[in-house]
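Have a look at the structure below, then the notes.
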There are 2 protein chains.
Amino acid sequence: MESVLTEAVALLDEAGAPALTFRALAQRLGGGVASIYWYVASKEELLDRATDHVVGAVLADIEALPGSDDPIDDLRAMAVTLFDAIVHRPWLGAYFMRNTDIQGNALRLYEKLGRQTLRLDLSARQRFHAVSAITGVVIGSAVDLGQEPPEEVLDGTVTHDEFLSRFAQAWRELDSEEFPFVHEIVDEFDGHDDVDQFRSALDLTLAGLRLQAGA
Amino acid sequence: MESVLTEAVALLDEAGAPALTFRALAQRLGGGVASIYWYVASKEELLDRATDHVVGAVLADIEALPGSDDPIDDLRAMAVTLFDAIVHRPWLGAYFMRNTDIQGNALRLYEKLGRQTLRLDLSARQRFHAVSAITGVVIGSAVDLGQEPPEEVLDGTVTHDEFLSRFAQAWRELDSEEFPFVHEIVDEFDGHDDVDQFRSALDLTLAGLRLQAGA
DNA sequence: ACCTGAACACCGTTCAAGT
DNA sequence: ACCTGAACACCGTTCAAGT
(Lines give C-alpha, C1' and ligand atoms only; values in the text may rest on other atoms or scores of the structure.)
Protein backbone atom coordinates (compact mmCIF):
# COMPACT_ATOMS: atom_id res chain seq x y z
CA MET A 1 0.00 0.00 0.00
CA GLU A 2 2.70 2.41 1.07
CA SER A 3 4.70 1.72 -2.08
CA VAL A 4 1.63 2.15 -4.27
CA LEU A 5 1.22 5.67 -2.94
CA THR A 6 4.92 6.45 -3.10
CA GLU A 7 5.14 5.41 -6.73
CA ALA A 8 1.90 7.19 -7.58
CA VAL A 9 3.29 10.41 -6.12
CA ALA A 10 6.55 9.85 -7.99
CA LEU A 11 4.65 9.58 -11.28
CA LEU A 12 2.63 12.70 -10.50
CA ASP A 13 5.78 14.62 -9.59
CA GLU A 14 7.66 13.52 -12.67
CA ALA A 15 5.08 14.17 -15.34
CA GLY A 16 1.89 15.53 -13.85
CA ALA A 17 -1.60 14.18 -13.47
CA PRO A 18 -2.00 12.69 -16.97
CA ALA A 19 1.04 10.49 -16.35
CA LEU A 20 -0.65 8.63 -13.52
CA THR A 21 -2.34 5.70 -15.22
CA PHE A 22 -2.94 2.27 -13.76
CA ARG A 23 -0.80 0.77 -16.47
CA ALA A 24 2.16 3.08 -15.82
CA LEU A 25 1.82 2.56 -12.10
CA ALA A 26 1.62 -1.22 -12.44
CA GLN A 27 4.74 -1.24 -14.56
CA ARG A 28 6.68 0.72 -11.94
CA LEU A 29 5.48 -1.64 -9.26
CA GLY A 30 6.46 -4.60 -11.42
CA GLY A 31 3.02 -6.15 -11.36
CA GLY A 32 -0.26 -6.38 -13.21
CA VAL A 33 -2.79 -3.62 -13.68
CA ALA A 34 -5.50 -5.33 -11.71
CA SER A 35 -3.34 -5.68 -8.59
CA ILE A 36 -3.76 -2.03 -7.78
CA TYR A 37 -7.47 -2.59 -7.35
CA TRP A 38 -6.77 -4.64 -4.33
CA TYR A 39 -5.48 -1.54 -2.55
CA VAL A 40 -7.74 1.04 -4.06
CA ALA A 41 -11.30 0.91 -5.36
CA SER A 42 -10.95 3.48 -8.14
CA LYS A 43 -8.69 6.03 -9.67
CA GLU A 44 -10.44 8.72 -7.69
CA GLU A 45 -9.50 6.98 -4.47
CA LEU A 46 -5.93 6.57 -5.67
CA LEU A 47 -5.72 10.30 -6.32
CA ASP A 48 -7.29 11.13 -2.98
CA ARG A 49 -4.91 8.87 -1.09
CA ALA A 50 -1.87 10.11 -3.01
CA THR A 51 -2.90 13.68 -2.27
CA ASP A 52 -3.43 13.01 1.40
CA HIS A 53 -0.08 11.28 1.51
CA VAL A 54 1.78 14.44 0.52
CA VAL A 55 -0.53 16.69 2.53
CA GLY A 56 0.78 14.75 5.50
CA ALA A 57 4.25 16.15 4.82
CA VAL A 58 2.85 19.67 4.43
CA LEU A 59 1.06 19.27 7.72
CA ALA A 60 4.34 18.34 9.40
CA ASP A 61 5.95 21.49 7.95
CA ILE A 62 3.08 23.57 9.25
CA GLU A 63 3.29 22.03 12.69
CA ALA A 64 7.00 22.84 12.75
CA LEU A 65 6.29 26.54 12.22
CA PRO A 66 7.42 28.62 15.22
CA GLY A 67 4.17 30.52 15.83
CA SER A 68 3.89 34.07 17.06
CA ASP A 69 1.66 36.23 19.23
CA ASP A 70 -0.29 37.33 16.16
CA PRO A 71 -2.79 34.73 14.89
CA ILE A 72 -3.06 36.48 11.54
CA ASP A 73 0.69 36.30 11.00
CA ASP A 74 0.47 32.63 11.87
CA LEU A 75 -2.31 32.12 9.35
CA ARG A 76 -0.17 33.82 6.74
CA ALA A 77 2.81 31.60 7.47
CA MET A 78 0.66 28.48 7.23
CA ALA A 79 -0.96 29.51 3.97
CA VAL A 80 2.42 30.35 2.46
CA THR A 81 3.78 26.96 3.51
CA LEU A 82 0.82 25.27 1.87
CA PHE A 83 1.15 27.31 -1.29
CA ASP A 84 4.87 26.56 -1.49
CA ALA A 85 4.10 22.86 -1.46
CA ILE A 86 1.69 23.33 -4.35
CA VAL A 87 4.26 25.36 -6.29
CA HIS A 88 6.57 22.36 -6.11
CA ARG A 89 3.77 19.90 -6.85
CA PRO A 90 1.40 21.72 -9.20
CA TRP A 91 -0.88 18.69 -9.56
CA LEU A 92 -1.78 19.09 -5.86
CA GLY A 93 -3.86 22.16 -6.63
CA ALA A 94 -6.46 20.16 -8.48
CA TYR A 95 -7.00 17.50 -5.83
CA PHE A 96 -6.27 19.09 -2.50
CA MET A 97 -9.32 19.37 -0.23
CA ARG A 98 -11.57 17.60 -2.70
CA ASN A 99 -12.66 14.96 -0.29
CA THR A 100 -12.24 15.63 3.41
CA ASP A 101 -13.72 12.22 4.13
CA ILE A 102 -10.80 10.13 2.98
CA GLN A 103 -8.27 12.94 3.20
CA GLY A 104 -7.64 12.86 6.91
CA ASN A 105 -4.55 15.03 6.74
CA ALA A 106 -6.47 17.72 4.89
CA LEU A 107 -8.92 17.80 7.75
CA ARG A 108 -6.09 18.12 10.26
CA LEU A 109 -4.65 20.96 8.19
CA TYR A 110 -8.05 22.63 8.14
CA GLU A 111 -8.16 22.32 11.91
CA LYS A 112 -4.67 23.82 12.24
CA LEU A 113 -5.68 26.85 10.20
CA GLY A 114 -8.96 27.22 12.00
CA ARG A 115 -7.43 27.06 15.43
CA GLN A 116 -5.75 30.39 14.75
CA THR A 117 -9.13 31.98 14.22
CA LEU A 118 -10.13 30.90 17.73
CA ARG A 119 -7.63 33.46 18.95
CA LEU A 120 -9.50 36.23 17.11
CA ASP A 121 -12.62 38.03 18.23
CA LEU A 122 -15.00 36.54 15.67
CA SER A 123 -18.27 34.64 15.54
CA ALA A 124 -18.29 30.96 14.66
CA ARG A 125 -19.70 31.84 11.26
CA GLN A 126 -16.99 34.41 10.67
CA ARG A 127 -14.36 31.88 11.65
CA PHE A 128 -15.81 29.31 9.27
CA HIS A 129 -15.86 31.84 6.44
CA ALA A 130 -12.37 33.11 7.25
CA VAL A 131 -10.79 29.69 6.88
CA SER A 132 -12.78 29.01 3.72
CA ALA A 133 -11.57 32.32 2.33
CA ILE A 134 -7.95 31.48 3.05
CA THR A 135 -8.09 28.00 1.53
CA GLY A 136 -9.99 29.58 -1.36
CA VAL A 137 -7.15 32.02 -2.00
CA VAL A 138 -4.66 29.17 -1.93
CA ILE A 139 -6.69 27.02 -4.29
CA GLY A 140 -7.65 29.91 -6.56
CA SER A 141 -4.00 30.81 -6.99
CA ALA A 142 -2.94 27.19 -7.30
CA VAL A 143 -5.35 26.31 -10.08
CA ASP A 144 -3.29 28.49 -12.41
CA LEU A 145 -0.20 26.49 -11.53
CA GLY A 146 -1.92 23.16 -11.99
CA GLN A 147 -2.48 23.77 -15.67
CA GLU A 148 -0.25 21.74 -17.88
CA PRO A 149 2.18 24.16 -19.51
CA PRO A 150 2.08 24.10 -23.32
CA GLU A 151 4.42 21.58 -24.86
CA GLU A 152 6.77 24.26 -26.15
CA VAL A 153 7.57 25.05 -22.53
CA LEU A 154 7.89 21.38 -21.61
CA ASP A 155 10.16 20.86 -24.61
CA GLY A 156 12.44 23.54 -23.35
CA THR A 157 12.22 25.28 -26.74
CA VAL A 158 10.74 28.20 -24.88
CA THR A 159 11.15 29.26 -21.25
CA HIS A 160 8.24 30.08 -18.98
CA ASP A 161 9.24 33.76 -19.06
CA GLU A 162 9.38 33.80 -22.84
CA PHE A 163 5.94 32.29 -22.91
CA LEU A 164 4.60 35.05 -20.64
CA SER A 165 6.33 37.68 -22.75
CA ARG A 166 4.72 36.38 -25.90
CA PHE A 167 1.34 36.80 -24.24
CA ALA A 168 2.30 40.25 -23.01
CA GLN A 169 3.32 41.21 -26.53
CA ALA A 170 -0.07 40.20 -27.88
CA TRP A 171 -1.70 42.29 -25.17
CA ARG A 172 0.40 45.30 -26.04
CA GLU A 173 -0.96 45.16 -29.54
CA LEU A 174 -4.55 45.44 -28.37
CA ASP A 175 -6.37 48.72 -28.93
CA SER A 176 -5.53 50.98 -25.99
CA GLU A 177 -8.89 52.73 -26.07
CA GLU A 178 -10.68 49.42 -25.72
CA PHE A 179 -8.25 47.83 -23.25
CA PRO A 180 -6.89 50.58 -21.00
CA PHE A 181 -6.53 48.26 -18.01
CA VAL A 182 -4.69 45.57 -19.94
CA HIS A 183 -2.24 48.23 -21.10
CA GLU A 184 -1.90 49.56 -17.56
CA ILE A 185 -0.78 46.22 -16.16
CA VAL A 186 0.94 44.52 -19.09
CA ASP A 187 4.42 45.34 -17.79
CA GLU A 188 3.48 43.86 -14.43
CA PHE A 189 2.11 40.76 -16.13
CA ASP A 190 5.28 40.34 -18.18
CA GLY A 191 7.60 38.20 -16.11
CA HIS A 192 5.34 38.23 -13.06
CA ASP A 193 5.89 35.78 -10.25
CA ASP A 194 3.02 33.51 -9.22
CA VAL A 195 4.20 33.61 -5.62
CA ASP A 196 4.01 37.42 -5.50
CA GLN A 197 0.54 37.25 -6.94
CA PHE A 198 -0.52 34.75 -4.30
CA ARG A 199 1.01 36.72 -1.44
CA SER A 200 -0.82 39.86 -2.51
CA ALA A 201 -4.13 38.06 -2.71
CA LEU A 202 -3.51 36.49 0.68
CA ASP A 203 -2.54 39.83 2.22
CA LEU A 204 -5.75 41.46 0.99
CA THR A 205 -7.82 38.70 2.59
CA LEU A 206 -5.86 38.84 5.83
CA ALA A 207 -6.12 42.64 5.96
CA GLY A 208 -9.87 42.28 5.61
CA LEU A 209 -9.89 39.67 8.33
CA ARG A 210 -7.83 41.81 10.69
CA LEU A 211 -10.26 44.65 10.18
CA GLN A 212 -13.19 42.33 10.89
CA ALA A 213 -11.60 41.03 14.07
CA GLY A 214 -10.64 44.52 15.20
CA ALA A 215 -7.11 43.25 15.76
CA MET B 1 -19.52 25.99 -35.85
CA GLU B 2 -22.14 27.86 -33.89
CA SER B 3 -24.21 24.71 -33.49
CA VAL B 4 -21.18 22.70 -32.43
CA LEU B 5 -20.64 25.09 -29.53
CA THR B 6 -24.33 25.28 -28.66
CA GLU B 7 -24.63 21.51 -28.47
CA ALA B 8 -21.36 21.20 -26.58
CA VAL B 9 -22.61 23.67 -23.97
CA ALA B 10 -25.93 21.80 -23.82
CA LEU B 11 -24.11 18.55 -23.05
CA LEU B 12 -21.99 20.24 -20.40
CA ASP B 13 -25.06 21.80 -18.81
CA GLU B 14 -27.03 18.58 -18.80
CA ALA B 15 -24.47 16.22 -17.38
CA GLY B 16 -21.21 17.97 -16.64
CA ALA B 17 -17.75 17.80 -18.12
CA PRO B 18 -17.45 14.00 -18.39
CA ALA B 19 -20.56 13.97 -20.63
CA LEU B 20 -18.88 15.99 -23.34
CA THR B 21 -17.30 13.38 -25.60
CA PHE B 22 -16.76 13.63 -29.32
CA ARG B 23 -19.02 10.66 -29.82
CA ALA B 24 -21.89 12.09 -27.79
CA LEU B 25 -21.49 15.44 -29.50
CA ALA B 26 -21.41 13.88 -32.97
CA GLN B 27 -24.58 11.95 -32.22
CA ARG B 28 -26.41 15.10 -31.20
CA LEU B 29 -25.22 16.86 -34.32
CA GLY B 30 -26.33 13.87 -36.39
CA GLY B 31 -22.94 13.32 -37.94
CA GLY B 32 -19.70 11.41 -37.62
CA VAL B 33 -17.11 11.81 -34.90
CA ALA B 34 -14.42 13.04 -37.23
CA SER B 35 -16.52 15.93 -38.55
CA ILE B 36 -15.97 17.88 -35.35
CA TYR B 37 -12.29 17.99 -36.11
CA TRP B 38 -13.00 20.21 -39.03
CA TYR B 39 -14.16 22.93 -36.62
CA VAL B 40 -11.84 22.28 -33.74
CA ALA B 41 -8.32 20.91 -33.53
CA SER B 42 -8.63 19.13 -30.20
CA LYS B 43 -10.85 18.57 -27.22
CA GLU B 44 -8.98 21.27 -25.36
CA GLU B 45 -9.90 23.79 -28.03
CA LEU B 46 -13.51 22.60 -27.94
CA LEU B 47 -13.63 23.20 -24.19
CA ASP B 48 -11.97 26.60 -24.54
CA ARG B 49 -14.38 27.72 -27.22
CA ALA B 50 -17.42 26.40 -25.37
CA THR B 51 -16.27 28.20 -22.24
CA ASP B 52 -15.70 31.44 -24.08
CA HIS B 53 -19.09 31.09 -25.67
CA VAL B 54 -20.88 31.21 -22.34
CA VAL B 55 -18.47 33.77 -20.89
CA GLY B 56 -19.78 36.00 -23.66
CA ALA B 57 -23.21 35.89 -22.04
CA VAL B 58 -21.74 36.64 -18.61
CA LEU B 59 -19.89 39.57 -20.10
CA ALA B 60 -23.16 40.93 -21.45
CA ASP B 61 -24.73 40.62 -17.98
CA ILE B 62 -21.79 42.45 -16.46
CA GLU B 63 -21.96 45.22 -19.03
CA ALA B 64 -25.65 45.62 -18.22
CA LEU B 65 -24.87 46.29 -14.56
CA PRO B 66 -25.91 49.82 -13.52
CA GLY B 67 -22.61 50.94 -12.00
CA SER B 68 -22.20 53.22 -9.02
CA ASP B 69 -19.90 55.92 -7.70
CA ASP B 70 -17.97 53.31 -5.71
CA PRO B 71 -15.56 51.23 -7.80
CA ILE B 72 -15.30 48.61 -5.07
CA ASP B 73 -19.06 48.12 -5.01
CA ASP B 74 -18.93 47.77 -8.77
CA LEU B 75 -16.20 45.15 -8.48
CA ARG B 76 -18.33 43.27 -6.00
CA ALA B 77 -21.35 43.31 -8.30
CA MET B 78 -19.28 42.04 -11.22
CA ALA B 79 -17.68 39.26 -9.20
CA VAL B 80 -21.08 38.18 -7.88
CA THR B 81 -22.50 38.11 -11.41
CA LEU B 82 -19.61 35.95 -12.52
CA PHE B 83 -19.94 33.62 -9.57
CA ASP B 84 -23.67 33.28 -10.16
CA ALA B 85 -23.00 32.11 -13.68
CA ILE B 86 -20.62 29.47 -12.34
CA VAL B 87 -23.18 28.34 -9.75
CA HIS B 88 -25.56 27.59 -12.60
CA ARG B 89 -22.85 26.04 -14.75
CA PRO B 90 -20.47 24.35 -12.31
CA TRP B 91 -18.29 22.98 -15.12
CA LEU B 92 -17.30 26.58 -15.95
CA GLY B 93 -15.16 26.78 -12.82
CA ALA B 94 -12.64 24.32 -14.16
CA TYR B 95 -12.12 25.95 -17.55
CA PHE B 96 -12.76 29.64 -17.09
CA MET B 97 -9.66 31.80 -17.63
CA ARG B 98 -7.53 28.84 -18.56
CA ASN B 99 -6.45 30.25 -21.85
CA THR B 100 -6.80 33.98 -22.41
CA ASP B 101 -5.41 33.52 -25.89
CA ILE B 102 -8.40 31.82 -27.44
CA GLN B 103 -10.83 33.01 -24.80
CA GLY B 104 -11.40 36.53 -26.07
CA ASN B 105 -14.42 37.13 -23.88
CA ALA B 106 -12.47 36.19 -20.78
CA LEU B 107 -9.96 38.88 -21.66
CA ARG B 108 -12.74 41.43 -22.09
CA LEU B 109 -14.15 40.42 -18.73
CA TYR B 110 -10.70 40.81 -17.19
CA GLU B 111 -10.54 44.28 -18.71
CA LYS B 112 -13.97 45.17 -17.32
CA LEU B 113 -12.94 44.19 -13.81
CA GLY B 114 -9.62 45.94 -14.10
CA ARG B 115 -11.09 49.17 -15.32
CA GLN B 116 -12.72 49.63 -11.92
CA THR B 117 -9.29 49.55 -10.30
CA LEU B 118 -8.26 52.49 -12.48
CA ARG B 119 -10.68 54.54 -10.41
CA LEU B 120 -8.79 53.64 -7.23
CA ASP B 121 -5.59 55.20 -5.93
CA LEU B 122 -3.30 52.25 -6.56
CA SER B 123 -0.08 51.43 -8.37
CA ALA B 124 -0.15 49.41 -11.59
CA ARG B 125 1.21 46.46 -9.68
CA GLN B 126 -1.45 46.79 -6.99
CA ARG B 127 -4.13 46.95 -9.68
CA PHE B 128 -2.78 43.84 -11.36
CA HIS B 129 -2.70 41.98 -8.06
CA ALA B 130 -6.14 43.24 -7.05
CA VAL B 131 -7.82 41.82 -10.14
CA SER B 132 -5.89 38.57 -9.81
CA ALA B 133 -7.04 38.34 -6.20
CA ILE B 134 -10.66 38.85 -7.17
CA THR B 135 -10.64 36.28 -9.97
CA GLY B 136 -8.74 34.02 -7.58
CA VAL B 137 -11.54 34.26 -5.03
CA VAL B 138 -14.11 33.47 -7.69
CA ILE B 139 -12.15 30.50 -9.01
CA GLY B 140 -11.17 29.26 -5.56
CA SER B 141 -14.81 29.22 -4.51
CA ALA B 142 -15.96 27.80 -7.83
CA VAL B 143 -13.62 24.82 -7.80
CA ASP B 144 -15.68 23.38 -4.97
CA LEU B 145 -18.79 23.65 -7.08
CA GLY B 146 -17.16 22.12 -10.14
CA GLN B 147 -16.67 18.82 -8.38
CA GLU B 148 -18.97 16.12 -9.54
CA PRO B 149 -21.36 15.42 -6.67
CA PRO B 150 -21.33 11.79 -5.51
CA GLU B 151 -23.77 9.60 -7.37
CA GLU B 152 -26.09 9.30 -4.38
CA VAL B 153 -26.80 13.00 -4.80
CA LEU B 154 -27.17 12.70 -8.56
CA ASP B 155 -29.50 9.77 -8.06
CA GLY B 156 -31.71 11.87 -5.87
CA THR B 157 -31.51 9.21 -3.17
CA VAL B 158 -29.92 11.86 -1.00
CA THR B 159 -30.23 15.65 -1.15
CA HIS B 160 -27.28 17.97 -1.14
CA ASP B 161 -28.17 19.10 2.38
CA GLU B 162 -28.39 15.55 3.64
CA PHE B 163 -24.99 14.91 2.16
CA LEU B 164 -23.55 17.89 4.05
CA SER B 165 -25.25 16.77 7.24
CA ARG B 166 -23.75 13.35 6.99
CA PHE B 167 -20.31 14.97 6.81
CA ALA B 168 -21.17 17.25 9.69
CA GLN B 169 -22.22 14.26 11.74
CA ALA B 170 -18.89 12.59 11.17
CA TRP B 171 -17.16 15.78 12.27
CA ARG B 172 -19.21 15.97 15.43
CA GLU B 173 -17.91 12.56 16.38
CA LEU B 174 -14.30 13.68 16.21
CA ASP B 175 -12.40 14.17 19.45
CA SER B 176 -13.16 17.68 20.67
CA GLU B 177 -9.75 18.08 22.28
CA GLU B 178 -8.03 17.31 19.03
CA PHE B 179 -10.45 19.19 16.78
CA PRO B 180 -11.71 22.24 18.67
CA PHE B 181 -12.07 24.33 15.54
CA VAL B 182 -14.00 21.70 13.64
CA HIS B 183 -16.41 21.51 16.56
CA GLU B 184 -16.66 25.29 16.70
CA ILE B 185 -17.81 25.56 13.09
CA VAL B 186 -19.64 22.30 12.48
CA ASP B 187 -23.08 23.89 12.88
CA GLU B 188 -22.11 26.56 10.38
CA PHE B 189 -20.85 23.94 7.97
CA ASP B 190 -24.05 21.93 8.27
CA GLY B 191 -26.39 23.26 5.61
CA HIS B 192 -24.08 26.10 4.64
CA ASP B 193 -24.65 27.98 1.42
CA ASP B 194 -21.81 28.18 -1.12
CA VAL B 195 -22.92 31.63 -2.16
CA ASP B 196 -22.63 32.96 1.40
CA GLN B 197 -19.19 31.47 1.66
CA PHE B 198 -18.15 33.11 -1.58
CA ARG B 199 -19.58 36.50 -0.61
CA SER B 200 -17.70 36.45 2.67
CA ALA B 201 -14.43 35.61 0.98
CA LEU B 202 -15.03 38.32 -1.59
CA ASP B 203 -15.88 40.86 1.10
CA LEU B 204 -12.67 40.16 2.98
CA THR B 205 -10.64 40.73 -0.18
CA LEU B 206 -12.54 43.89 -1.06
CA ALA B 207 -12.19 45.22 2.49
CA GLY B 208 -8.45 44.69 2.21
CA LEU B 209 -8.45 46.44 -1.14
CA ARG B 210 -10.42 49.38 0.16
CA LEU B 211 -7.91 49.76 2.96
CA GLN B 212 -5.04 49.63 0.50
CA ALA B 213 -6.61 52.25 -1.74
CA GLY B 214 -7.49 54.46 1.23
CA ALA B 215 -11.03 54.70 -0.11
C1' DA C 1 -15.22 23.25 -48.36
C1' DC C 2 -17.19 19.85 -45.65
C1' DC C 3 -18.16 15.18 -44.09
C1' DT C 4 -17.52 9.97 -43.36
C1' DG C 5 -16.21 4.96 -41.65
C1' DA C 6 -13.01 2.59 -39.92
C1' DA C 7 -9.05 2.07 -37.60
C1' DC C 8 -5.33 3.15 -33.87
C1' DA C 9 -3.50 3.67 -29.41
C1' DC C 10 -4.89 4.38 -25.19
C1' DC C 11 -7.87 4.58 -21.03
C1' DG C 12 -10.36 2.68 -16.24
C1' DT C 13 -12.54 -1.34 -14.66
C1' DT C 14 -14.01 -6.27 -14.15
C1' DC C 15 -13.59 -11.10 -13.49
C1' DA C 16 -12.51 -15.75 -13.42
C1' DA C 17 -8.59 -17.96 -12.20
C1' DG C 18 -4.42 -18.65 -9.82
C1' DT C 19 -1.13 -18.99 -5.38
C1' DA D 1 -4.73 -12.45 1.62
C1' DC D 2 -2.76 -11.11 -2.51
C1' DC D 3 -1.85 -11.21 -7.47
C1' DT D 4 -2.63 -12.19 -12.63
C1' DG D 5 -4.04 -12.21 -17.91
C1' DA D 6 -7.27 -11.24 -20.66
C1' DA D 7 -11.17 -9.09 -21.84
C1' DC D 8 -14.77 -5.11 -21.95
C1' DA D 9 -16.50 -0.68 -22.91
C1' DC D 10 -15.01 3.48 -23.64
C1' DC D 11 -11.91 7.41 -24.87
C1' DG D 12 -9.39 11.23 -28.28
C1' DT D 13 -7.31 11.36 -32.63
C1' DT D 14 -6.00 10.21 -37.51
C1' DC D 15 -6.54 9.24 -42.27
C1' DA D 16 -7.76 7.80 -46.65
C1' DA D 17 -11.72 8.33 -49.06
C1' DG D 18 -15.92 10.42 -50.42
C1' DT D 19 -19.18 14.57 -52.11
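So you know, we letter chains A, B, ... as the sequences are listed, proteins then strands, and number each from 1. Nothing here was measured: the structure is a model prediction, and the numbers come from that model. Side-chain atoms are counted along with the backbone in the values below, which use heavy atoms only and exclude waters and symmetry mates.
The only member of A:Val54, A:Leu11, A:Leu47, A:Ile86 that meets side chain to side chain contact (heavy atoms under 4.5 Å, CB included) when paired with A:Trp91 is A:Val54. B:Glu184 pairs in a salt bridge (charged side-chain N to carboxylate O under 4.0 Å, His left out) with only one of the listed residues (A:Arg115, A:Arg125, A:Arg127), which is A:Arg127.
Taking the six-membered ring wherever Trp is involved, the centroid distance between the rings of A:Phe189 and A:Trp171 falls below 6.0 Å.
In this structure, A:Tyr39 does not reach the D:dC2 phosphate: none of its side-chain N or O atoms is under 4.0 Å from OP1 or OP2. For A:Ser35, a side-chain nitrogen or oxygen approaches OP1 or OP2 of D:dT4 to under 4.0 Å.
For the pair A:Tyr95 and A:Ala17, the tightest heavy-atom approach, listed with the atom from each and the gap, is OH-CB, 3.9 Å. In plain terms, the two heavy atoms of A:Lys112 and A:Leu59 that are nearest each other are CG-CD1, 4.2 Å. Heavy atoms only, all atoms of each residue included: B:Ala26 and B:Ile36 are closest at N-CD1, 3.8 Å.
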Return one dot-bracket line describing DNA chain C 5' to 3' (Watson-Crick or G-U wobble pairs, both distances under 3.5 Å; ( ) same strand, [ ] crossing, | another strand, . none). ||.|||||...|||||.||

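Of all the residues in residues 2-13 of chain A, not one reaches under 4.0 Å from DNA chain D with any non-hydrogen atom.
With hydrogens and angles ignored, the 3.5 Å screen pairs no side-chain donor or acceptor of A:Asp13 with any backbone N or O of A:Arg89. Judged by distance alone, the side chain of B:Ser35 and the main-chain N or O of B:Gly31 form no donor-acceptor pair under 3.5 Å.
Checked by atom type, the side-chain pair B:Ser165/B:Asp190 shows a donor-acceptor distance below 3.5 Å.
A gap of 13 Å separates the C1' atoms of D:dC2 and C:dA17, to the nearest Å.
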Dump the pairs, protein N or O against N or O of nucleotides 9-14 of chain C, anything under 3.5 Å, distances to one decimal.
residue : atom : partner : partner atom : Å
C:dC11  : N4   : A:Arg23 : NH2          : 3.3
C:dG12  : OP1  : A:Lys43 : NZ           : 2.8
C:dG12  : OP2  : A:Phe22 : N            : 3.1
C:dG12  : N7   : A:Arg23 : NH1          : 2.7
C:dG12  : O6   : A:Arg23 : NH2          : 2.7
C:dT13  : OP2  : A:Tyr37 : OH           : 2.9
C:dT13  : OP2  : A:Lys43 : N            : 2.8
C:dT13  : O5'  : A:Tyr37 : OH           : 3.1

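Rounded to an integer number of Å, the gap from B:Trp38 CH2 to C:dA1 C1' is 6 Å.
Side-chain contact between B:Ser141 and B:Asp194: absent, with no pair of heavy atoms (C-beta onward) separated by less than 4.5 Å.
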